[in-house]
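This is the structure I have questions about; it appears just below.
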Amino acid sequence: MARDTLTRSRSDQRRIVQKAARPPAGVDTADAHPFRHAEFVTTAVQWRDLPAGGAPEIAFAGRSNAGKSSALNALAQHAHLAFVSKTPGRTQHINFFRLRSGALLADLPGYGYAAVPAAMRRHWQTFVARYLSERTQLAGLVLTMDARHPLTELDRKMLDWFLPSGRPAHVLLTKADKLASSDQRAALKRVHEAIAAGYAIHASRIGVQLFSASRAIGIAEAETAIKTWLADDERIRGHNE
Ligand code: GDP
């Protein structure tokens, strides 16, 4: 059993230090901010470890160092919901957090780190591919991609595994603050075009937006996408009961 991310020694972890972005004063409910007050539930190393019960799940995935942990922390308003390992790519398990609505957040292992041993990479590939394509509770996938280097080969693989299941994906183009606003718009346009060209039959289910954890860009937009998925999931479940 791999060690739980949240109990690893301090020397093996580096907490996200940037301040979680604060939304404007106003409503503070689970509905308005679905990730706020998320609590750690469990870690899954293999299929049989996945949480039982039918709670809908929102998965977060991304290339190692793309800014996934920072995005999660900004959305959760929690400075240390997700951790960053000093040895990126070594964490090959899925961490689950419970949201106040009862839904689960599944924090998938970062991918694309060159130094990961082949056997570990194979394990990641088999586990994550199966999780994305077969997990019935999965309501949607949020993919973090560095706005300066989007749609890498592995990002595309994630979409290839996930999209045939008919569920929605949402791309956060992270670290947008590192781009001038004209370059931000250009990056957004390029990714929209690439998705329309490469994933034509799925394109209507793929959202794309600019995001910055450090400058609080795109937080409300990401929350809206996730809230819509959870509401849709509830409607579908209600209908089938
Ligand atoms: P992860 O490996 O995908 O979880 O990525 P992290 O969230 O750990 O971020 C990787 C690096 O990018 C860290 O040095 C972060 O401080 C930095 N980073 C993350 N988000 C942002 C952002 O919005 N803006 C900037 N400028 N840097 C960021």
Side-chain angles (χ1 to χ4, degrees), residues 2-6 8 10-23 35 38 40 43 58-97 105-116 120-121 124 128 131-132 141-159 162 169-185 187-188 191 208-223 225-226:
R3 277 178 298 161
D4 171 4
T5 329
L6 298 181
R8 275 181 302 162
R10 260 169 190 275
S11 62
D12 196 32
Q13 300 174 345
R14 177 167 54 82
R15 290 184 182 216
I16 296 292
V17 288
Q18 69 237 58
K19 270 214 175 321
R22 296 271 155 209
F35 283 89
F40 177 75
T43 288
I58 303 289
F60 262 70
R63 193 182 166 83
S64 194
N65 208 43
K68 173 168 59 77
S69 307
S70 303
L72 277 171
N73 289 328
L75 288 164
Q77 300 276 300
H78 193 309
H80 46 87
L81 173 68
F83 293 101
V84 188
S85 171
K86 275 190 174 160
T87 48
R90 298 270 160 175
T91 314
Q92 296 295 297
H93 44 252
I94 304 179
N95 286 320
F96 285 88
F97 298 84
L105 154 65
D107 182 10
L108 270 61
Y111 48 81
Y113 188 67
V116 173
M120 198 179 261
R121 192 172 300 147
W124 171 83
V128 170
Y131 176 80
L132 290 177
L141 168 68
V142 177
L143 260 187
T144 51
M145 301 181 194
D146 189 317
R148 298 162 300 172
H149 319 286
L151 287 170
T152 63
E153 194 187 328
L154 284 171
D155 293 333
R156 289 174 185 272
K157 224 174 210 179
M158 298 292 284
L159 291 170
F162 176 72
H170 193 73
V171 176
L172 300 182
L173 296 176
T174 58
K175 310 187 194 183
D177 58 284
K178 292 195 180 234
L179 294 174
S181 53
S182 57
D183 293 333
Q184 290 180 5
R185 283 194 297 278
L188 191 58
V191 173
V208 188
Q209 66 160 100
L210 295 162
F211 192 89
S212 163
S214 52
R215 295 284 173 84
I217 297 170
I219 292 192
E221 192 177 348
E223 287 179 335
I226 291 156

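Just so it is clear, the structure is predicted and the values come from calculations on it, not from any experiment. Just follow the structure's listing: the first ligand is 1, and inside any ligand the first atom is 1.
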Exercise. Going by the atom numbers of ligand 1, which of them fall below 4.0 Å from some non-hydrogen atom of Ser70?
Worked result: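 Under 4.0 Å from Ser70, ligand 1 has these atoms: 6 (P), 7 (O), 9 (O), 19 (C), 20 (N).
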For this session: Nearest heavy atom to atom 12 (O) of ligand 1 wins, so pick from Lys68, Arg63, Lys175, Lys178.
Result: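 Closest candidate by heavy-atom distance is Lys175.
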Exercise. Under 3.5 Å, is there a donor-acceptor pair between the side chain of Thr144 and the main chain of Val171?
Worked result: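 Not at all, since once roles are kept as given, no pair shorter than 3.5 Å links the two residues.
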Exercise. Okay, side chain of Thr174, backbone of Met145: is any donor-acceptor separation there less than 3.5 Å?
Worked result: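 Between the backbone of Met145 and the side chain of Thr174 there is a qualifying donor-acceptor contact (under 3.5 Å).
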For this session: Could you check Ser70 against Asn73 for side chain to side chain donor-acceptor pair (under 3.5 Å), going step by step and ending with a plain yes or no?
Result: CA-CA 5 Å; Ser70 303; Asn73 289 328; 5.8 Å; no
For this session: Determine the minimum heavy-atom distance between Leu108 and Ala59, stating which atoms define it.
Result: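 Between these two residues, the closest heavy atoms are CD1-CB, 3.9 Å.
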Problem set entry | Ser69 N/O under 3.5 Å from ligand 1 N/O |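 It does: an N or O of Ser69 is found under 3.5 Å from an N or O of ligand 1.
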For this session: Using a strict cut-off of 4.0 Å, indicate which atoms of ligand 1 neighbour a heavy atom of Asp177.
Result: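 Every atom of ligand 1 under 4.0 Å from some heavy atom of Asp177: 22 (C), 23 (O), 24 (N), 25 (C), 26 (N).
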Exercise. Are Ala66 and ligand 1 in contact, using a heavy-atom cut-off of under 4.0 Å?
Worked result: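 So Ala66 counts as touching ligand 1.
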Exercise. Mind checking whether Thr144 has an N or O less than 3.5 Å away from an N or O of ligand 1?
Worked result: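 No; the residue has no nitrogen or oxygen that sits under 3.5 Å from a nitrogen or oxygen of the ligand.
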Exercise. Which of parallel (below 30°), tilted (30 to 60°) and perpendicular (above 60°) describes Phe96 and Tyr131?
Worked result: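 Perpendicular, since the angle between the ring planes exceeds 60°.
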Problem set entry | Aromatic ring proximity, centroids under 6.0 angstrom, Phe97 and Phe60 |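 Ring centres of Phe97 and Phe60 not closer than 6.0 Å.
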For this session: Report, in ascending order of atom number, the atoms of ligand 1 lying under 4.0 Å from any heavy atom of Ser212.
Result: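 Once the distances to Ser212 are compared, the set is 23 (O).
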Exercise. If you measure every N/O of Gly67 against every N/O of ligand 1, is any gap under 3.5 Å?
Worked result: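 Gly67 vs ligand 1: N/O contact under 3.5 Å present.
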Problem set entry | Nearest heavy atoms of Met158 and Leu132, plus distance in Å |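 Smallest heavy-atom distance, with atoms named: CE-CD1, 3.6 Å.
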Exercise. Which bit of Asn65 is near ligand 1, meaning a heavy atom under 4.0 Å away: side chain, backbone, both or neither?
Worked result: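 Both parts.
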